[in-house]
Amino acid sequence: MRLVTLDGGVLGGIIGDGVVALRPALAAAQRAAGEDPRDTIPDDMVALIGDEAAMVAAGRALAFAARAENGALRAPLSEARLLAPLKPGKILGVGRNYGDHAKEAGGPKLEMPKIFLKPTSSVVGPGAAVRIPPAVKKADWEVELGVVIGRPARNVSEGVALDYVAGYTVLDDISAREFQFDVPLAMTSFAKGMDGFCPIGPCIATADEVGEPWALDVRCWLNGEEVQHGNTRDLIFPVATLIAFLSRYMTLEPGDVIATGTPAGVGHFRDPPRYLTSGDRLRMEVERVGVLEHTIA
Ligand code: ZN
């Protein structure tokens with residue numbers, strides 16, 4: 001499934017070039033089967049992905065809406081206004097997690113993942129016009145695979161870590177580089193935590209839809225020019241390792257998001273450096289997950 005949050009907080013799913021609201025589709029499926037309508041779709045995405053029975057109901061709703069004769073349940077995706085697919089409880093970022101990006105950034109070889117936090121208040125949805133604070137002169141882009149947790153994870157081993165994943169999304173880990181590199185001590189969470197600095201979306205592609213996340217292409221275009229192109233096979237600490245590591249120290253809850261790091265090609269390490277400015281258009285794609293687009297206001 002490709003789950004989305006529609007305008008007004010309505011939960012939905014993508015089918016081809018159409019979008020389906022889950023509640024009416026489930027009710028229609030139940031009516032068609034002669035069942036009493038029973039609404040088992042929760043009010044928000046975090047509750048949905050954390051509830052196995054609700055996920056089964058969502059799958060049933062989408063399968064019913066996908067049938068040729070049920071076109072009335074589908075609306076054009078191009079006309080839908082999507083919000084961020086979820087409001088994460090916490091967003092855990094991972095620094096320097098691709099070999100080529102670690103090389104462009106320099107510094108020591110990491111023995112364990114470099115973790116920071118992005119606040120939920122930095123989340124915006126697909127199509128957002130992100131306002132960079134006027135005092136920030138070095139805003140930069142980072143396309144990332146986002147891992148969405150589906151079950152509470154505490155002390156899980158690498159071998160079973162992917163069982164705790166609800167799905168995947170695309171995110172832009174926008175970073176004010178002056179607070180990472182131009183201050184005596186890096187202020188990573190602050191640099192990456194400003195309002196709007198975490199565009200997420202367009203959907204949560206469920207784990208069964210994506211398969212194992214070992215070799216997904218990750219790409220970013222700035223104003224139509226490809227500026228990043230990596231692959232998750234080059235992650236220094238892969239998804240399962242990150243979940244196992246983090247869950248030794250903190251409980252990962254349904255709806256938590258891990259921003260797994262960005263490949264080479266960010267603006268700061270270019271010669272000359274390049275930073276985001278008003279009017280910039282970003283297009284970010286993770287293979288089999290989706291395309292996230294947003295602009296800079
Ligand atoms: Zn990042």
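We count ligands from 1, going down the list as the structure has it; atoms in each ligand are counted the same way. All figures in this text were calculated on a predicted structure; none of them were measured in a lab. This chain uses plain numbering: 1 for the first residue, then up along the sequence.
One finds a salt bridge joining Glu293 and Arg283 here, because a Lys/Arg side-chain nitrogen approaches an Asp/Glu carboxylate oxygen to under 4.0 Å. The pair Asp173-Lys118 meets the salt-bridge criterion, since a charged nitrogen lies less than 4.0 angstrom from a carboxylate oxygen.
Each of Thr260, Asp217, Val218 was checked for a side-chain contact (heavy atoms from CB on, under 4.5 Å) with Thr232, and the lone residue meeting it is Val218. When Lys192, Arg270, Gln180, Arg177 are each tested for a side chain to side chain donor-acceptor pair (under 3.5 Å) with Asp140, only one passes: Arg177.
Near the Zn ion (ligand 1), less than 2.8 Å away, sit the protein N, O or S atoms Glu142 OE1, Glu144 OE2, Asp173 OD2.
Separation of the Phe116 and Phe190 ring centroids does not fall under the 6.0 Å cut-off.
Each ring-ring contact (aromatic ring centres under 6.0 Å, His included) pair with one or both residues in residues 191-248, not counting sequence neighbours, appears once here: Phe245-Tyr249.
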